[in-house]
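Computed from heavy atoms alone, side chains included, the values below leave out hydrogens, waters and symmetry copies. Along the sequence shown, residues are numbered consecutively beginning with 1. All values reported here derive from a predicted model rather than from experimental measurement.
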Amino acid sequence: MPRPTAAQFAYGSATVVATTLALLLLFRTESGVGVAAVGATALALGLLVALRLPRPGHPTAEGAGRTATDRASAARTHHALEGIGARERVPAARSSARPSARSSARTDEHSLRR
């Protein structure tokens, strides 16, 4: 399950606080059951708001409205990057002061590729 973003935390928390205050002032409830109902409603609304925010990297309504030219341009860029091996590039691992025998045998290989 993906972790929530900072924006989701902020909007969800703000929604819970604002909704709780508004409902408590609107209904002027003093009973425990009423306060619990207001709290549950505010939490549900805050969760709904947080989940409805678009996540970075996911297609949204704006992305769906791209023109064919925009999609073609993105596809050309993607294929051009694959053509030059951009997908294969991984930054080299940092070398330590005293390399071990195993690491000296694999100096040209990235540490995550074993």
Check: residues 22-43 side-chain donor-acceptor pairs under 3.5 Å, at least two apart:
unit_1 : atom_1 : unit_2 : atom_2 : d
Ser31  : OG     : Gly34  : N      : 3.1
Thr41  : OG1    : Ala37  : O      : 2.7

Remaining members of hydrophobic cluster (4.5 Å side-chain criterion), Tyr11: Val49, Leu53

Closest non-hydrogen atom pair between Gly12 and Ala50, with its separation: CA-CB, 4.2 Å

Closest non-hydrogen atom pair, Arg3 against Gln8: O-OE1, 4.5 Å

